[in-house]
Asks: 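Quick one: this structure, given as structure tokens, is what I'll be asking you about.
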Amino acid sequence: QRYALAVLYFATQGDTWTEADNWLSANGECQWFGVSCEFSDELSAISLVNNTLSQGLPDEIGTFSSMRRLIIPHNELTGEIPASLYAIEALEVIDLEGNMFSGQPNIDLTSLTELQTFNVAGNDLNG
């Protein structure tokens, strides 16, 4: 998960984030700002609200199989929402509101049986 988090950091211009305490440091990923873990350091949530993330979300976001919450609203994320996101069956919350995602999302929520909140309002999505 450290590799995929590092890819997320670089893909979303982490050096320009408002808050990035401990990211890419020797500290465990669960001590990185906005990362929450449960059950022996398994990533359970990423919460980077209004943190100036930009560019696009990498496909590696789909490697967090235990992630239950992805909360990254009000940033400057662009491009398409990666299809790999919809393969994380544990997801309960996907909040991407107020970014600049575009295109026709490849949304297949049928495998997300735990999903309670799906918020993509305020983006440039069509379809």
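Numbers for residues simply follow the sequence, beginning at 1.
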Asks: Check whether any side-chain N or O of S84 sits under 3.5 Å from a backbone N or O of I61 as a donor-acceptor pair, and report yes or no.
Replies: no

Asks: Linking I/L/V/M/F/W/Y whenever any side-chain heavy atoms sit under 4.5 Å apart, do M67 and V120 land together?
Replies: yes

Asks: Which pair of non-hydrogen atoms, one from N51 and one from N75, has the smallest distance, and what is that distance?
Replies: N-OD1, 2.7 Å

Asks: To the nearest 0.5 Å, tell me how far D95 CG sits from N119 CG.
Replies: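 Taking CG in D95 and CG in N119, the distance rounds to 4.5 Å.
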
Asks: Just so I know, are the side chains of L48 and I71 near enough to count as touching, which here means a heavy-atom distance under 4.5 Å?
Replies: no

Asks: Starting at CG of D124, measure out to OG1 of T78 and round the result to the nearest 0.5 Å.
Replies: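 With rounding to 0.5 Å, CG (D124) is 10.5 Å from OG1 (T78).
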
Asks: Just by modelled atom types, is the E80 backbone N or O under 3.5 Å from a matching donor or acceptor in the S102 side chain?
Replies: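 It does not hold such a pair.
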
Asks: Using modelled atom types and a 3.5 Å cut-off, is there a donor and acceptor pairing between side-chain atoms of S44 and backbone atoms of S36?
Replies: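 At least one qualifying donor-acceptor pair exists.
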
Asks: Can you see which heavy atom on Q55 is nearest to which on A11, and at what distance?
Replies: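 It is CB-O, 3.1 Å.
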
Asks: Are side-chain heavy atoms of Q13 and S54 found at a separation under 4.5 Å?
Replies: yes

Asks: Looking at side-chain heavy atoms only, is the closest gap between F118 and L91 below 4.5 Å?
Replies: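 No. Closest side-chain heavy atoms not under 4.5 Å.
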
Asks: Return the CZ to CG distance between F64 and L70, rounded to the nearest 0.5 Å.
Replies: 9.5 Å

Asks: Would a hydrophobic clustering, with Ile, Leu, Val, Met, Phe, Trp and Tyr connected at side-chain separations under 4.5 Å, put Y9 with L96?
Replies: yes

Asks: If only atom types and distance count, is the side chain of S66 paired as donor or acceptor with the main-chain N or O of L43 below 3.5 Å?
Replies: yes

Asks: Is the backbone N or O of M100 less than 3.5 Å from a side-chain atom of N123, with the two atoms forming a donor-acceptor pair by type?
Replies: yes

Asks: So, for T113 and T110, which heavy atoms are closest and what is the spacing to 0.1 Å?
Replies: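 Residues T113 and T110, closest heavy atoms: CG2-O, 4.0 Å.
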
Asks: Would you say V35 and L24 are hydrophobically clustered, going by side-chain heavy atoms of ILVMFWY under 4.5 Å?
Replies: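 Looking at the clustering, L24 is in the same group as V35.
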
Asks: Does a side-chain heavy-atom distance below 4.5 Å link F33 with N22?
Replies: no

Asks: Keeping E29 on the side-chain end and A6 on the backbone end, is there a donor-acceptor pair under 3.5 Å?
Replies: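 Checked: no pair found.
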
Asks: Once you round to the nearest 0.5 Å, how far does CD1 of I88 lie from CZ of R69?
Replies: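 The CZ atom of R69 is 13.0 Å from CD1 of I88, to the nearest 0.5 Å.
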
Asks: Which heavy atom of N99 sits nearest a heavy atom of P73, and at what distance?
Replies: ND2-CA, 4.0 Å

Asks: List the atom of G14, the atom of A20, and the distance in Å for their closest heavy-atom pair.
Replies: O-CB, 4.2 Å

Asks: Hey, does W32 have a side-chain heavy atom less than 4.5 Å from the side chain of D21?
Replies: no

Asks: Hey, any chance F101 and I46 share a hydrophobic cluster, counting ILVMFWY side chains that come within less than 4.5 Å of each other, even indirectly?
Replies: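 Both belong to a single hydrophobic cluster.
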
Asks: State plainly whether one hydrophobic cluster holds both I81 and L115, where clusters connect Ile, Leu, Val, Met, Phe, Trp and Tyr through side-chain heavy atoms under 4.5 angstrom apart.
Replies: yes

Asks: So which atom in W23 and which in L5 form the shortest heavy-atom distance, rounded to 0.1 Å?
Replies: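 Of all heavy-atom pairs spanning W23 and L5, the closest is CZ3-O, 3.3 Å.
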
Asks: A side-chain contact here means heavy atoms from C-beta on lying under 4.5 Å apart; do E114 and E89 qualify?
Replies: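 Heavy-atom side-chain distance check fails, nothing below 4.5 Å.
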
Asks: Are the side chains of L112 and Y86 in touch, meaning some heavy atoms are under 4.5 Å apart?
Replies: yes

Asks: If we only count heavy atoms from C-beta on, is the T12 to L77 side-chain gap below 4.5 Å?
Replies: yes

